[in-house]
Amino acid sequence: MLIIANSLSIHIKNALEQAFPEAASKAHESGSTLDPQLVPASKPEFGDFQVNGALQLAKPLKTSPRSIALAIIEQLQKNKEFLSLCKSPEIAGPGFINLTLKEECLQAEISKQLEDERLGVQSLKSSSTHKERSTVVIDFSSPNIAKEMHVGHLRSTIIGDSIARVLEFRGHKVLRLNHVGDWGTQFGMLIAHLKTVAPEALITADAVELGDLVKFYRQAKQRFDEDIIFQQTSREEVIKLQNGNSKSLKAWKLICDQSRKEFEQIYNRLDIHLEERGESFYNPYLKKVIDDLKDSNLLIVDDGAKCVFLEDITGKDGEALPMIVQKQDGGFNYATTDLAAIRYRFSAIPNGDGAGRVIYVTDAGQANHFAGVFQIAKRAKWIPNEGCLEHVPFGLVQGENGKKLKTRSGETVRLRDLLDEAVDRAETDLRLRLKQEGRIESEAFIKHVANTVGIAAVKYADLSQNRITNYQFSFNKMLALQGNTAPYLLYALVRIAGIARKGGNLQTTIASLKFNEPQEWSLIRELLKFDKVIDEVEEELLPNRLCTYLFELSQIFNRFYDQVPVLKAVEPSRSSRLALCRLTADTLKLGMNLLGIPTLERM
RNA sequence: GGGCCUGUAGCUCAGCGGAUUAGAGCAUCUGACUACGGAUCAGAGGGUCGGGAGUUCGAAUCUCUCCAGGCUCGCCA
């Protein structure tokens with residue numbers, strides 16, 4: 001319904017300018033315009049849209065808001081095009097104008113949406129502006145090699161995937177990058193340690209499991225912290241690796257392969273796909289970063305380390321905070337890698353990704369780090385004029401006690417175990433329900449439903465929360481069958497599928513739709529909001545807005561379903577209601593698809 | 001101490017500068033199953049939007065200040 005809203009906005013703006021020509025031309029001279037402030041109605045009883053502009057214009061126009069509103073309405077009454085869309089506008093309260101769309105208009109819109117595969121959401125593919133067509137890089141998930149994916153990776157992975165899906169659907173060219181931690185000091189430690197405890201792992205594929213690697217990694221870390229000689233050998237191993245020693249590289253590759261296999265299992269379960277491009281990828285570009293910074297006179301050697309001092313960001317002592325890009329020992333650190341990544345991503349193809357927008361989905365704790373890195377990238381002039389660089393932060397995952405989520409024994413929770421538990425719990429619930437209802441279902445059905453519900457619940461619980469705040473993780477809440485949860489949304493779809501099974505042909509094309517119940521109209525109005533919601537998610541990168549919408553749509557549908565018969569209705573109501581069922585199902589499916597959540601016909 | 005984030009119903013959270021009455025969900029209480037799956041629906045109670053000041057015709061929303069909590073602040077990522 002964005003097109004309608006835009007067209008209304010233009011009509012009202014014209015009316016405003018016709019009513020107050022002098023003020024309008026004055027505004028034009030100073031480079032601005034009179035803004036009618038058309039927004040969706042704040043409450044259903046106020047209609048579909050409201051115009052707020054009259055209140056703000058009262059002072060400059062030296063008239064009362066109500067008389068401005070009246071003048072706008074007088075102009076609108078002359079506009080045939082406007083009158084074909086809207087019922088007679090009403091002045092309310094101190095000077096709001098309430099607009100209610102005509103039923104013919106809503107009906108025409110819903111008919112269009114029924115025919116449209118994209119459900120009214122415009123695609124940018126036809127657009128030609130450079131900014132809109134350039135690549136969007138989304139950096140998310142980013143686990144570390146030789147470690148298991150744990151609950152800390154959950155939010156980045158799920159939120160990043162959803163943002164990627166929304167932008168892809170809108171027609172952006174999206175590069176989903178997995179910036180895995182596959183380089184740096186930890187590999188020196190690990191290789192040095194493996195040489196003594198499991199040398200076969202360095203020359204043979206599959207010699208050790210990831211679980212063992214994780215154990216070895218912990219041991220190596222401990223040795224590194226306690227043993228000075230081991231620290232020395234570790235550093236030597238890092239240097240060998242970074243200099244491209246073939247044996248070291250082979251060992252490194254084997255370790256990475258082993259981790260990668262494990263990551264793939266998780267990504268497959270979550271149905272998330274991204275392109276791996278780890279920190280090691282940027283190794284050849286690190287030196288250039290230093291050279292560039294030197295050339296732009298940003299580089300300062302302090303205490304033996306090469307740094308860039310940040311502007312307007314101070315440390316404990318109130319002095320400008322340095323960002324170290326090359327350590328005393330000549331090694332590079334993560335700031336260097338991140339800078340190299342930004343430089344590469346914005347560089348033109350084939351020496352870069354040619355990105356116009358780069359998005360980082362990482363925890364809020366890294367906000368300072370990214371603020372610094374972004375600032376340096378800007379000062380080094382690596383970001384093109386139209387380029388956009390954003391950190392999309394999210395809060396911690398907490399347990400129900402409000403503390404950081406841990407297992408009973410105090411360890412970080414493995415992502416694999418977390419997903420297993422969600423699926424197990426979904427299965428237990430399902431079996432209990434089947435027993436209570438006396439239903440018999442195949443094992444395959446039970447496993448499939450439990451898996452879908454479990455994964456959907458985990459994803460939805462995360463996405464439905466505003467990502468900026470900390471997130472309280474609770475299996476009980478996310479798997480609850482009522483409330484703003486995945487199972488509630490899935491159930492709405494199952495009900496529609498049930499109607500189809502009972503003989504309702506959802507695919508019939510309807511020549512003449514006929515609606516007369518308020519429940520039908522409120523469902524129609526909700527369905528027509530979909531394009532606006534997608535627009536907002538794209539703009540604000542807040543998937544919870546989409547979740548809220550889908551939940552409200554499900555509620556409105558359930559009300560409709562409860563209060564209005566579909567299959568037993570007489571024509572043309574029957575077909576018209578079936579059409580609404582179909583569009584509701586399509587909207588829920590598409591919406592959930594954009595969240596990365598699978599759906600079901602039966603559960 | 002500096003920076004960033006958070007503070008809204010008993011709990012978990014939405015909330016886009018707009019309207020008498022700040023919204024959901026959970027929990028609590030009361031109703032509704034011979035219409036398509038009751039995993040639902042209808043309704044009730046529950047709030048000084050952390051405190052204070054300011055900007056504005058209008059503030060949960062913007063600004064300042066104070067209070068509380070979290071994260072972060074030089075060679076880990």
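Per chain, numbering begins at 1; letters A, B, ... match sequence-line order.
- Closest to the side chain of A:N558, out of B:G37, B:A39, B:U40, is B:U40.
- Of the candidate nucleotides B:C75, B:C36, B:A77, B:C36 has the atom nearest to the side chain of A:V566.
- Base pairing analysis places B:G1 opposite B:C73; the two distances defining the Watson-Crick or G-U wobble pair are each below 3.5 Å.
- At the heavy-atom level, A:I313 lies nowhere under 4.0 Å from the strands shown.
- The side chain of A:K502 lies closest to B:G37, out of B:G74, B:A19, B:G37.
- A:N476 comes within contact range of no nucleotide atom at all, as no heavy-atom separation falls under 4.0 Å.
- Under the Watson-Crick or G-U wobble criterion, with both distances below 3.5 Å, B:C26 is paired with B:G10.
- Applying the 4.0 Å criterion to OP1 and OP2 of B:C41, one finds that A:Y488 has a side-chain N or O inside that range.
- Taking every side-chain heavy atom of A:P565 into account, B:A35 is the closest of B:A35, B:G18, B:G2.
- Cation-pi contact between A:R602 and A:F445: present, with separation from the ring centre below 6.0 Å and deviation from the ring axis of at most 45°.
- Using a 4.0 Å heavy-atom criterion, one finds that A:N368 contacts the bases of the nucleic acid, with or without backbone contacts as well.
- For the pair A:E536 and A:Q186, nearest-nucleotide mapping onto RNA chain B gives the more 5' position to A:E536.
- The side chain of A:Q366 has B:A77 as its nearest neighbour among B:C41, B:A77, B:G2.
- Ring geometry for A:W252 against A:W183 counts as perpendicular: the plane angle is over 60°, on a 0 to 90° scale with 30° as the lower cut.
- Shown here is A:E226, whose CD atom has more than 12 heavy atoms of other residues, nucleotides or ligands within 6.0 Å.
- Across all strands shown, A:V39 has no heavy atoms under 4.0 Å from either base or sugar-phosphate atoms.
- Nearest to the side-chain atoms of A:L396 among the listed nucleotides B:G18, B:C71, B:A39 stands B:C71.
- When the P atom is used for both B:U40 and B:C49, the distance is 33 Å, rounded to whole Å.
- Within 4.0 Å of A:P487, counting heavy atoms only, lies no atom of the nucleic acid at all.
- When heavy atoms are screened at a 4.0 angstrom cut-off, A:F551 is found touching the sugar-phosphate backbone but no base atom.
- Among the protein residues, A:C581 comes within range of no part of the nucleic acid, since none of its heavy atoms lies under 4.0 Å from any strand.
- At the heavy-atom level, A:A92 lies under 4.0 Å from base atoms of the strands shown.
- In this structure a side-chain-to-backbone donor-acceptor pair under 3.5 Å is missing from A:S573 to A:A569.
- In terms of polar N and O atoms assigned as donor or acceptor, the side chain of A:D562 never comes within less than 3.5 Å of the base of B:G38 in a complementary pairing.
- Closest to the A:R495 side chain, of the nucleotides B:U40, B:C76, B:G70, is B:U40.
- Mapped onto RNA chain B by nearest heavy atom, A:V564 and A:H369 fall at different nucleotides, with A:V564 at the one closer to the 5' end.
- Here, B:U72 and B:A27 have their C1' atoms 37 Å apart, quoted to the whole Å.
- Nearest nucleotide to the side chain of A:F96, out of B:C5, B:A19, B:A39: B:A19.
- Residue A:Q555 places at least one side-chain N or O under 4.0 Å from the OP1 or OP2 atom of B:G25.
- The C1' atoms of B:A14 and B:G25 are separated by 10 Å, rounded to the nearest whole Å.
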Do any N or O atoms of the protein come closer than 3.5 Å to N or O atoms of nucleotides 10-14 of chain B, and which pairs are they?
residue : atom : partner : partner atom : Å
B:U12   : O4'  : A:K477  : NZ           : 3.4
B:C13   : OP1  : A:Q465  : OE1          : 3.1
B:A14   : OP1  : A:N466  : N            : 2.8

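- Ring pair A:F473/A:F475 is perpendicular by interplanar angle, where above 60° counts as perpendicular and below 30° as parallel.
- B:G52 and B:G7 have their C1' atoms separated by 16 Å, given to the nearest Å.
- A donor-acceptor pair shorter than 3.5 Å can be found between the side chains of A:N52 and A:Q50.
- In this structure, A:E517 atom CD and B:A35 atom C1' are separated by 14 Å, rounded to whole Å.
- The side chain of A:K327 lies closest to B:C76 when the candidates are B:A42, B:A77, B:C76.
- Using a 4.0 Å heavy-atom criterion, one finds that A:M603 contacts the bases of the nucleic acid, with or without backbone contacts as well.
- Taking the six-membered ring where the residue is Trp, A:F515 and A:W521 present perpendicular rings, their angle passing 60° and hence far from 30°.
- Distances shown here put every side-chain N or O of A:Q482 at or beyond 4.0 Å from the OP1 or OP2 atom of B:G25.
- When distances are taken from the side chain of A:D303 to each of B:C75, B:G18, B:C36, the shortest belongs to B:C75.
- Taking 3.5 Å as the limit, the base of B:A77 and the side chain of A:Y334 contain a donor-acceptor pair of atoms between them.
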Intermediate values then yes/no, ring-ring contact (aromatic ring centres under 6.0 Å, His included), A:H179 and A:Y282: CA-CA 10 Å; A:H179 192 76; A:Y282 302 99; 5.7 Å; yes
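- Base contact: A:A305 has a heavy atom under 4.0 Å from a base atom.
- Across all strands, A:Y561 comes closer than 4.0 Å to base atoms (heavy-atom distances).
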Footprint string (nucleotides 57-62 of chain B, 5' to 3'): B base within contact, S backbone only, - free, heavy atoms under 4.0 Å: B-----
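- Across all strands shown, A:G498 has heavy atoms under 4.0 Å from sugar-phosphate atoms exclusively, and none from any base.
- Pairs engaging residues 321-342 of chain A under the salt bridge (Lys or Arg N to Asp or Glu O under 4.0 Å) rule: none recorded [sequence neighbours left out].
- Aromatic ring orientation, A:F230 versus A:F224: perpendicular (interplanar angle above 60°, classes split at 30° and 60°).
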